[in-house]
There are 2 protein chains.
Amino acid sequence: MSAKPRIERAALEVFAAHGVDGATTKLIAARAEVSEGAIYRHWKSKDELAIGLFMAAHKRLSDLIEAEAGAVHGVEAKAAALVKAYCTAADEDWTLFSFHLLQLHHFLPYYQDDGRDPVTLVETIIKYAMLKMELPPGDPRVVAAMAIGVITQTAQNRAYGRLGEDALSAHAPLMTAAVQAVLMAR
Amino acid sequence: MSAKPRIERAALEVFAAHGVDGATTKLIAARAEVSEGAIYRHWKSKDELAIGLFMAAHKRLSDLIEAEAGAVHGVEAKAAALVKAYCTAADEDWTLFSFHLLQLHHFLPYYQDDGRDPVTLVETIIKYAMLKMELPPGDPRVVAAMAIGVITQTAQNRAYGRLGEDALSAHAPLMTAAVQAVLMAR
DNA sequence: AGTCGGTATGTGAGCATTTACTTGCAAGCG
DNA sequence: CGCTTGCAAGTAAATGCTCACATACCGACT
């Protein structure tokens with residue numbers, strides 16, 4: 001079988017476990033059962049490999065949020081959609097999702113600011129809902145952060161092994177109620 | 001002036017910016033205006049330096065939570081106390097706080113499981129409140145994660161430069177209301 | 001007060017090792 | 001054949017850390 005997908009999987013696992021800087025090309029190659037040189041047939045550098053994987057996760061999550069939230073109306077439903085988007089991303093590829101979650105700050109410099117990242121998307125939804133008086137007023141940046149925090153911290157604790165092996169979606173009802181509560185609270 | 005505190009400050013800044021693995025002893029020494037060797041007069045290794053700083057932040061935050069939450073009664077007040085504890089830690093030394101926040105997962109292996117970390121403390125408070133029927137039932141591990149997420153994600157976004165330069169405590173009222181809402185939501 | 005000696009602190013050149021990455025070669029394949 | 005994919009061995013640079021040496025500090029003893 002071709003080495004490229006094996007390398008991607010291996011890299012994902014190693015990056016998630018050790019961080020981008022802590023991961024070595026040797027480890028990735030060994031885990032993929034491939035020589036180190038094989039990596040460089042497909043990527044220019046270790047960082048390019050890492051960025052590619054990260055951006056894939058980033059795009060997937062953003063797309064899911066846009067799709068789910070765009071398909072429904074009203075803040076309550078949009079909150080549920082947000083939780084659903086995160087849970088779908090987490091359930092369909094937990095390694096990719098947790099890599100994105102835990103290594104986010106490593107890639108901040110590479111962020112293109114096109115407003116299509118999860119935080120900005122949620123911020124926009126909240127701003128709009130405030131305009132329509134569906135939400136009480138308040139700094140949308142903070143409200144967005146708090147709402148997302150409900151989900152991401154739960155996911156983080158799962159990644160840390162504090163929540164057992166259940167899928168993230170197992171906690172979706174609880175998270176949905178909490179996100180809705182955060183949005184309305186003031 | 002003695003080099004040790006200068007090294008601690010420099011290391012904190014470099015670790016927070018580049019991560020533990022991404023930080024080099026050369027960079028730390030340069031920033032502290034000290035030779036590399038000086039570091040090793042006070043610490044056995046780069047990792048020991050990092051762990052020491054991390055544990056200081058960890059202990060400070062845990063102590064604040066225990067003190068603030070222990071001084072009041074009722075979940076509402078304890079929620080406010082939790083927010084206050086985080087804000088105090090963040091305001092009194094933002095560099096130390098953000099280092100702890102962003103590099104947490106690097107130090108998970110070193111965690112001693114004495115129940116005195118922030119998450120477990122909050123979990124215990126929640127369990128007790130549920131027993132006393134002050135809170136609706138639900139997985140305390142998840143509820144604790146969600147409540148803490150409200151605060152930590154806000155802090156993270158501040159660290160990412162998305163919230164301006166205001167102190168974290170500037171958002172305390174909003175966060176307090178949100179945490180209380182999360183606790184009661186179901 | 002002065003000076004001796006031991007210890008703590010800081011230097012900077014340098015060490016062994018590890019790191020990301022390259023290169024020459026060969027096999028697979030349409 | 002021509003092109004892609006993979007390997008094994010290598011390279012130059014960087015990294016964490018050490019060590020011989022220099023200086024500052026500080027109490028004890030005359």
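Just so it is clear: chains get the letters A, B, ... in the order the sequence lines come, proteins before strands, and each one is counted from 1.
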Taking only residues two or more places apart in sequence or in another chain, which ones pass salt bridge (charged side-chain N to carboxylate O under 4.0 Å, His left out) with A:Arg141?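 A:Asp139.
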According to salt bridge (charged side-chain N to carboxylate O under 4.0 Å, His left out), who are the partners of B:Lys26, at least two apart in sequence or on a separate chain?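 Per chain and number, B:Lys26 pairs via salt bridge (charged side-chain N to carboxylate O under 4.0 Å, His left out) with B:Glu36.
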Roughly what angle, to 10°, lies between the helix axis at the start of the helix from C:dA1-D:dT30 to C:dG30-D:dC1 and the one at its end, five pairs per end?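 Rounded value for the end-axis angle: 10°.
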So does B:His42 get a side-chain nitrogen or oxygen closer than 4.0 Å to the phosphate oxygens (OP1/OP2) of C:dG10?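 Result: yes.
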Provide, to the nearest angstrom, the distance between the [atom1] atom belonging to [X] and the [atom2] atom belonging to [N].
X: A:Arg6; N: D:dC7; atom1: CZ; atom2: C1'; answer: 13 Å
X: B:Ile7; N: C:dG10; atom1: CD1; atom2: C1'; answer: 9 Å
X: A:Glu33; N: D:dC7; atom1: CD; atom2: C1'; answer: 15 Å

side-chain hydrogen bond (donor to acceptor under 3.5 Å, both in side chains) contacts touching residues 171-186 of chain A (sequence neighbours left out):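 Every candidate side-chain hydrogen bond (donor to acceptor under 3.5 Å, both in side chains) pair involving residues 171-186 of chain A fails, so no pair, neighbours aside, qualifies.
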Residue pairs involving residues 86-99 of chain A (criterion side-chain hydrogen bond (donor to acceptor under 3.5 Å, both in side chains); sequence neighbours excluded):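 Qualifying pairs: A:Arg9-A:Asp93, A:Arg60-A:Glu92, A:Asp91-A:Ser169.
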If you measure from the Lys or Arg side-chain nitrogens to the Asp or Glu carboxylate oxygens, is any gap between A:Glu68 and A:Lys78 under 4.0 Å?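 No.
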Ring pair (Phe, Tyr, Trp, His ring centres under 6.0 Å) with A:His58: which residues, sequence neighbours excluded?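 Partners of A:His58 under the ring pair (Phe, Tyr, Trp, His ring centres under 6.0 Å) test: A:Phe54, A:His100, A:Tyr111.
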Residues forming a side chain to side chain donor-acceptor pair (under 3.5 Å) with A:Arg31, sequence neighbours excluded: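 For A:Arg31 the side chain to side chain donor-acceptor pair (under 3.5 Å) partners, ignoring immediate neighbours, are A:Glu13.
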Show me the protein contacts with nucleotides 15-21 of chain D, counting only N or O atoms at under 3.5 Å.
| from | atom 1 | to | atom 2 | distance (Å) |
| --- | --- | --- | --- | --- |
| D:dG16 | OP1 | B:Ala23 | O | 3.0 |
| D:dG16 | OP1 | B:Lys46 | NZ | 2.8 |
| D:dG16 | OP2 | B:Thr25 | N | 2.9 |
| D:dG16 | OP2 | B:Thr25 | OG1 | 3.0 |
| D:dC17 | OP2 | B:Tyr40 | OH | 2.8 |
| D:dC17 | OP2 | B:Lys46 | N | 2.7 |
| D:dC17 | N4 | B:Glu36 | OE1 | 3.3 |
| D:dC17 | N4 | B:Glu36 | OE2 | 3.1 |
| D:dA20 | N6 | B:Arg41 | NH2 | 3.3 |

Under 3.5 Å, side-chain donor or acceptor atoms of residues 39-47 of chain A against the rest of the protein: list the pairs with distances, not counting sequence neighbours.
| from | atom 1 | to | atom 2 | distance (Å) |
| --- | --- | --- | --- | --- |
| A:Ser45 | OG | A:Glu48 | N | 3.1 |
| A:Lys46 | NZ | A:Val20 | O | 2.9 |
| A:Lys46 | NZ | A:Ala23 | O | 2.9 |

